[in-house]
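Here is the structure we will look at, set down as structure tokens.
Note that the structure is predicted; figures quoted are calculated from it, not measured.
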Amino acid sequence: MAIAMGWQKPDNVAGSSAPAIMVGLFVATGGLLFGYDTGTINGILEMESFRRQFATANELDADGVPKILASQSSIIVAILSAGTFLGALLSSPVADWLGRRLSLIASVGVFSIGAIFQVCASSIPVLLVGRFLAGVGVGAVSVIVPLYQSEMAPKWIRGTLVCTYQLSITLGLLAAAIINILTNKIKSSAAYRIPLGIQLTWAAALALGLLMMPETPRFLIKKGKADAAALSLSRLRRLDITHPALIEELAEIEANHAWELSLGPDTYRDIVSGSPHLGRRTLTGCVLQMLQQLTGVNFIMYYGTTFFARAGVSNAYLISVITNLVNAVSTIPALWVIEAWGRRKLLIVGSIGMSAAQLLIASFTTVAGDTKTDTSNQILVIFVCIYLFFFAASWGPTVWVVTSEIYPLKVRAKAMSVSTSSNWLLNFGIAYGTPYMVGDEDGAADMGSKIFFLWGSFCIISIFFVWFMVFETSRISLEQIDEMYERIDYAWNSSRFEPSWSFQQLQHQGWTDSGIPTVDMDSLEPTNSQTTATTTLNSTPSHAEQGVTNTTTNSTSNSQSSSDAKILAQMGNVDFSY
């Protein structure tokens, strides 16, 4: 399956990656919920039937249709982001309590309740309740989907699978734009109720499919369920539960988790003050998520139809479809290059492209003013599409990849919820403030296309932030990322990082209660799967004074070791740390 998608599993990786890829692709459809809801409201705000039903002001436009005021459109759009902020924060305790899979199902259920409120709404207050509840579900999904994908994916295709979450968001946006253009001419309330109701189909399909999905092995290890983790990993890797490769991967996850716990508790305070360098990692995730919003993408996604219409672009609904098509198609290149180029290079190239496109838009439209309107509009649409290409091929998917990888297992859900909530906080600010920044009503800034000066400036800032703060996390396992942050001082040196020891070696040599190894790490043998593949799972208490239960690997008898050595010799060079 991976070959058909354009990737090929390395020859030295045992088992099959097809089950994990299929699970990851299916779970990624959670992005449709956010993408479709965002794209739907973008077009609905301009529908005549919607404005006649929900507008409360007596002010009419040139066609005699009631106008949705800036204050109304702001709260209608932004209330979703307020819900997502809350949902992202709540996702951590729920995901650590119920598990990644069950918490996803619960999140989809909350979203569905909100969608029903929206379909049935006939006044703005009921609509706001529905959008807030839908936002709570979307916010939780935005944390748990990348978390689920990263915890169960093989390392050689982990980044690509997490990218598919962003691809699903773009496909949801595109689907909404197409449905809006098909229904916007309907005179009855069906014009907006049909698009709002269709989103329930995505939610129902996702919830039903999740009932058959496995829980992630890393969550099960976190809960001390080694046997269940082995069964889950067996399903995802299509290996027998006694296979040396499966035993090795599971043992490394267990040893790493025990090492993380030895450094301190898994509290919210720990994501700032914990080791190794959790404060730096949390800051990296939060700023990346905020900068993703400050590139201005949701200015286009939330208000693109309205903005193009006010800019004088003919057939704003068609332009919205085109921009969403560009957004969806441009995400595909990221699936191919994110592993080959790495996270850092892709983010930096994307920032350069986005800043150039946006500054050109702002500069040309400012110089042209009210003259050459047709040319200005053509430039506006063309360079918005160029901007969307660079965003969708870089910052759109890659931010979700990085923030799903850089945190250790013990605080991964907490740190991801905090970083993702920072995304939704900025999302709320942009969604609420944009009508006042670009609108021409009394009290509005009336920036128009000049707002691209603002977004372009933040894109330039993002170049420097990535260079100085973002570590390269491609081609290494989630457990090896801890070692990288321990050994590499500067982000720009992280691309040259090579793992030199495993957490099983540390565990075998021993570490102190403070998490400091009793031996010099540099003296440890380089990681070699064959030297540790002859281990078996054996739950033994470790650091009893801290109440930490650690499942370790012990050497088997000499006869068993000899037997395993023969098996390994027949298997050849196999990479177990995937």
Side-chain angles (χ1 to χ4, degrees), residues 27-42 44 75-92 94-95 100-119 121 127-149 162 164-176 195-207 210 289 292-293 297-298 301-302 396-397 399-400 403-404 413 416-432:
V27 173
T29 59
L32 289 171
L33 303 182
F34 171 56
Y36 185 83
D37 194 282
T38 299
T40 298
I41 203 65
N42 180 2
I44 283 177
I75 192 63
I76 289 173
V77 173
I79 195 68
L80 179 84
S81 299
T84 55
F85 176 77
L86 178 61
L89 290 178
L90 293 177
S91 64
S92 170
V94 175
R100 298 6 176 177
R101 184 179 68 93
L102 290 179
S103 58
L104 260 179
I105 295 174
S107 302
V108 173
V110 174
F111 172 86
S112 299
I113 295 172
I116 292 171
F117 268 88
Q118 292 181 72
V119 173
L127 181 66
L128 294 181
V129 171
R131 286 188 58 74
F132 181 81
L133 289 175
V136 173
V138 166
V141 167
S142 69
V143 175
I144 303 169
V145 166
L147 175 64
Y148 186 102
Q149 290 176 308
V162 179
T164 59
Y165 173 67
Q166 176 67 22
L167 178 61
S168 291
I169 292 176
T170 63
L171 292 176
L173 287 163
L174 177 60
L196 290 173
I198 288 176
Q199 61 189 332
L200 287 168
T201 61
W202 315 130
L206 180 60
L210 284 169
Q289 292 281 11
Q292 187 195 57
Q293 289 301 308
V297 64
N298 277 329
M301 297 308 157
Y302 282 136
V399 167
W400 296 109
T403 54
S404 71
M416 282 189 66
S417 72
V418 170
S419 64
T420 304
S421 65
S422 67
N423 178 300
W424 295 120
L425 183 62
L426 266 292
N427 194 315
F428 174 81
I430 292 169
Y432 190 81

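Under the side chain to side chain donor-acceptor pair (under 3.5 Å) criterion, the residue pairs touching residues 165-176 are Gln166-Trp400, with sequence neighbours excluded.
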Q | Derivation and outcome, side chain to side chain contact (heavy atoms under 4.5 Å, CB included), residues Ile76 and Ile44 | A | CA-CA 11 Å; Ile76 289 173; Ile44 283 177; over 6 Å; no
Q. Going through the checks in order, is the side chain to side chain contact (heavy atoms under 4.5 Å, CB included) test met by Ser81 and Thr84?
A. CA-CA 5 Å; Ser81 299; Thr84 55; 4.0 Å; yes
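Residues Pro397 and Val162 are not in side-chain contact: their nearest non-hydrogen atoms beyond the backbone lie 4.5 Å or more apart.
Here the OG1 atom belonging to Thr38 is positioned 10.5 Å from the CG atom belonging to Leu33, to the nearest 0.5 angstrom. To the nearest 0.5 angstrom, Leu127 atom CG is 6.0 Å from Ile41 atom CD1. Going from atom OH of Tyr36 over to atom CG of Leu171 covers 13.5 Å, rounded to the nearest 0.5 Å. Here the CD1-OG1 distance, from Ile169 to Thr29, works out to 11.5 Å after rounding to the nearest 0.5 Å. Here the straight-line distance linking atom CD of Gln118 with atom CG of Leu128 works out to 9.5 Å at 0.5 Å rounding. A distance of 11.0 Å separates CG of Leu200 from CD1 of Ile113, quoted to the nearest 0.5 Å.
Closest approach of Met416 to Ser404, counting heavy atoms only: SD-CA, 3.8 Å. For the residue pair Val108 and Ala203, the shortest heavy atom distance occurs at CG1-O, 3.2 Å. What you find for Val94 and Ser103 is that their closest heavy atoms are CG1-CB, 3.5 Å.
Shown here are the side chain to side chain donor-acceptor pair (under 3.5 Å) partners of Thr403, two or more places apart in sequence or in another chain: Gln289. Take Ser92 and apply the side chain to side chain donor-acceptor pair (under 3.5 Å) test, not counting sequence neighbours, and it matches Tyr268. With sequence neighbours left out, the side chain to side chain donor-acceptor pair (under 3.5 Å) criterion links Gln199 to no other residue. Scored by the side chain to side chain donor-acceptor pair (under 3.5 Å) test, Arg131 finds Asp37 as partners (sequence neighbours excluded).
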With a 3.5 Å cut-off and sequence neighbours excluded, list the donor-acceptor pairs that the side chains of residues 134-148 form with protein atoms.
from   : atom 1 : to     : atom 2 : distance (Å)
Ser142 : OG     : Gly139 : O      : 2.6
Ser142 : OG     : Trp424 : NE1    : 3.0
Tyr148 : OH     : Pro214 : O      : 2.4

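Annotation for Phe428: atom CZ counts as buried by contact number, over 12 foreign heavy atoms lying within 6.0 Å.
Each of Asn423, Asn427, Asn298 was compared with Gln292 under the side-chain contact (heavy atoms from CB on, under 4.5 Å) criterion, and only Asn423 meets it.
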